[in-house]
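Please read the structure below before turning to the comments.
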Amino acid sequence: MAEYRLEMHGISKSFPGVKALDQVNLSVRPGTVHALMGENGAGKSTLMKCLFGIYKMDEGEVLVDGEKMNIGNPDEALHHGLAMVHQELQPVPDRTIAENMYLGRYPLKSFGPLKVIDHKRMNEETVKWLENVKMPFDPKKKLGELSISQMQSVEIAKAVSQDARLIILDEPTSSLTENEVEALFKIVRDLKSRGVSFVYISHKMAEIRQIADDITIMRDGTYVGSWSMEDISDNEIVKQMVGRELTNVYPALDNEPGDVLMEVKGYTSISDRSFQNCSFTLRRGEILGFGGLVGAQRTELMEAIFGIRHIKSGEIILNGKQISIKCPHDAIKNGIGMITEDRRGTGILGCLSIADNVSIASLDQYLEAGVKLNKKKIEELVQENVGKLSIKTPSSKELIQNLSGGNQQKVIISRWLANNPDVLIMDEPTRGIDVGAKYEIYQIMIELAKQGKGIIMISSEMPELLGVSNRIMVMCNKRITGELSGEEATQENVMKYATQF
Amino acid sequence: MKKKINIKDTLINNGIILLLAVLVVYVSINVPAFRSFANLKNLAINAAPRVIVALGVSGCLITKGTDLSAGRMVGLAGCLAGIMLQKADAPGKIWPNFPQLNVFLVLLICMAVCSVFGLINGIVVAYLNVPAFIGTLGMQMIVYGIALVITNAVPIGGYRADFTTVTQGNIAGIPFLFIYLVIAAAIIWFVYNYTRHGKYMYAIGGNESAAEVSGVNVKKTKIIIYITAACLYAIAGFLFSGKSGGASVNLGMSYELEAIAACTIGGVSVNGGIGRVSGVIIGVAVFELLKSSLQFLGVNTNYQFIAQGIVIVVAIALDIRKYIAKK
């Protein structure tokens with residue numbers, strides 16, 4: 001038997017303009033759980049996509065059980081015993097467990113001249129595989145009736161039924177409760193004892209400690225190193241994940257935070273799987289950063305404050321007055337604006353012009369006689385912002401969908417400049433934007449802070465979080481776990497709080 | 001940049017209009033009566049109430065909805081107006097004791113009745129999140145049923161002179177119907193281009209989630225759209241009824257499909273967010289020209305339906321094609 005179930009050597013992958021992976025290695029021993037850790041954007045998912053042939057790697061080789069492989073697509077990977085359980089499962093909830101397990105490879109039997117699906121065999125086999133993961137379900141039960149963790153177990157059973165000997169678990173516990181995590185770990189340990197290997201991608205230190213045998217750490221698309229879990233401390237892991245030089249590409253933070261502008265108390269989501277009991281304050285003229293790893297529920301918390309999501313309990317005090325927010329309209333009326341993370345999904349109005357996109361949140365200000373919009377004033381407003389944010393466009397009548405990502409983001413920022421809220425929440429304000437535009441956006445943020453506005457910035461990029469925030473709140477696993485300012489605001493401290501659970 | 005106009009795409013995108021233009025030219029040359037003033041006037045009179053229906057439907061389409069109850073609401077309003085405006089001595093008068101109301105008051109009553117159904121459509125679509133296709137399909141049957149109950153399926157005739165004057169008359173040779181059309185189109189054009197409601201409508205069609213995040217009251221806007229549409233159907237029903245001097249429950253049947261087709265031909269996207277009043281008018285005109293051309297060519301009425309059906313499907317396929325190409 002080969003020493004390693006899977007070996008990846010010197011994997012490199014470039015996308016136009018960025019080197020996503022640079023000489024990355026990963027070696028997984030048979031019958032072990034191998035943790036793959038790194039910050040957001042370290043290249044973990046890209047590496048896995050290269051393994052499964054979803055991306056074509058530029059350089060490097062893959063060995064399965066000591067044999068060199070050329071994997072072109074996920075189907076071929078499965079053929080070689082590699083399976084992936086995705087972060088977001090993609091089941092067919094209205095069909096039975098058995099049908100989901102055998103989706104695309106239904107067992108057939110002859111029915112006269114026809115080939116029909118052999119339901120009996122499919123159901124029997126399913127029972128067998130479910131027992132394998134200690135899930136005694138009726139195979140005829142609809143998949144949708146199971147909990148997320150049970151569905152995950154079905155996915156794992158499916159992988160095992162297809163003779164997978166290496167299973168990739170990508171953030172498997174991000175939406176599980178503690179009991180469910182325990183159940184999942186039982187299955188993983190059981191399969192491990194029977195020789196199945198796992199690659200376990202997770203941000204949660206405690207879980208990694210519990211389940212992993214080895215660990216590989218990546219940072220900014222490069223390979224940092226591999227260790228046996230016994231040989232490395234938690235602090236060392238954090239240090240290796242963030243150990244980069246911080247270079248100064250940020251404008252001077254010369255805004256001065258003043259008195260308290262907004263207080264959020266005990267915000268708890270309507271869902272048990274989302275944010276719990278979050279409290280923080282925001283000052284006038286302050287940029288408050290929200291750090292944490294993907295899945296920490298930062299976006300969900302902010303969207304709840306803005307009224308997109310619902311809460312079970314909690315209160316907001318803005319300008320000394322308690323306010324109630326049930327929908328974005330309420331939030332805007334009270335002087336809160338939000339630039340959402342998903343620019344395409346909830347930001348731009350694609351088939352409308354730049355002018356319409358800028359003015360949509362503040363049309364009330366341009367009504368004449370309560371009915372007619374003053375188009376001249378609107379055009380002035382648009383021109384002012386297009387100029388101020390140096391949006392590159394031939395005319396304000398251009399459709400926003402024809403602009404680059406950076407310019408689209410500036411248009412969305414203009415929308416809120418026009419609306420002029422007291423509090424502006426910016427969720428990943430520079431995602432997918434080139435360096436020059438990023439710098440301009442930071443300048444705008446500082447300018448707004450100087451005008452006395454409170455800015456909340458969610459950022460998953462550590463340098464940005466440290467470079468543009470006056471104070472940082474860190475979230476981990478649905479809760480606020482730390483508050484950092486001044487000297488304490490270091491990469492190590494943020495990562496320590498972000499991996500607390 | 002993207003300014004280069006692709007000739008092939010332009011031809012395909014406007015295929016229907018070009019094809020019909022060819023047809024119209026062909027018919028004009030071969031059948032002189034087609035290009036007579038009388039026929040053009042006739043076309044305008046026929047098109048006017050249909051444009052008003054299509055304007056109503058266009059608001060629903062722009063917000064990614066639709067309104068399949070449009071035709072039946074036209075029918076209900078037409079019957080109601082007819083019943084209320086029958087002569088006192090009309091034979092078989094349906095509501096014999098109904099007072100002789102002012103003709104415009106009757107119009108307002110029809111609009112009020114239809115706007116109740118429009119409100120229900122709006123609530124079903126906006127608050128209950130029922131797909132507009134299904135919700136308004138149900139309303140189509142409900143409204144038809146109500147029209148049957150009211151009229152007992154008896155045709156209505158014997159209208160008062162003031163009703164026929166208002167709908168069939170003209171001033172200096174210009175039919176009143178045409179004037180109504182211009183007024184309705186002007187008001188809707190103003191609403192679409194110069195009011196907050198109009199901007200919100202386009203924003204919802206462009207990206208409903210983004211509109212909501214920008215503070216647009218999506219539910220309220222949609223309800224207003226469905227009520228406005230219903231009012232326009234009521235006006236159209238009133239005009240149809242008066243124009244033909246009689247009404248039956250079958251008035252308006254499948255007008256919603258013609259209206260949707262006309263909107264699509266005129267560039268209102270079934271994918272939402274795009275559409276102009278001028279386009280709606282052009283769309284209806286093109287559709288009416290098609291019908292008229294086929295008549296003048298002596299094509300059997302039965303075949304005309306087949307031709308119209310093909311035009312509807314092709315028009316929407318071409319519209320979707322534009323959308324896919326953009327992605």
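Naming convention: chains lettered A, B, ... in sequence-line order (proteins, then strands); numbering from 1 in each chain.
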Between [atom1] of [X] and [atom2] of [Y], what distance do you get to the nearest 0.5 Å?
X	Y	atom1	atom2	answer
A:Ile400	B:Asn207	CD1	CG	10.0 Å
A:Cys351	B:Asn271	SG	CG	9.0 Å
B:Glu212	A:Thr346	CD	OG1	10.5 Å
A:Lys375	B:Asn193	NZ	CG	5.0 Å

*Is there a side-chain contact between B:Ser214 and A:Arg415, using heavy atoms and a 4.5 Å cut-off?*
yes

_Does any part of the side chain of A:Val371, heavy atoms only, come nearer than 4.5 Å to the side chain of B:Tyr194, both counted from C-beta?_
no

*Let me see the working for B:Phe190 and A:Lys372 under side chain to side chain contact (heavy atoms under 4.5 Å, CB included), right down to the final yes or no.*
CA-CA 9 Å; B:Phe190 178 81; A:Lys372 185 175 176 288; 3.8 Å; yes

Check whether [X] gets within reach of chain B through its side chain, its backbone, both or neither, counting any heavy atom under 4.5 Å.
X	value
A:Arg343	neither
A:Tyr366	neither
A:Ile360	both
A:Leu349	both

*Which of the residues B:Gly215, B:Gly272, B:Gly206 is involved in the greatest number of heavy-atom pairs with chain A at under 4.5 angstrom?*
B:Gly215

*Stepwise, does the side chain to side chain contact (heavy atoms under 4.5 Å, CB included) test hold for B:Tyr200 with A:Leu363?*
CA-CA 9 Å; B:Tyr200 285 176; A:Leu363 290 175; 3.6 Å; yes

*Shortest non-hydrogen contact from A:Gly345 toward B:Ser209*: O-CB, 3.8 Å

*Is the NZ atom of A:Lys377 crowded by more than 12 outside heavy atoms at less than 6.0 Å?*
no

*Hey, is CZ on A:Phe280 packed in by over 12 heavy atoms from elsewhere, all under 6.0 Å?*
yes

*With no hydrogens and no angle check, is any side-chain donor or acceptor of A:Asp364 less than 3.5 Å from a backbone partner on B:Arg196?*
no

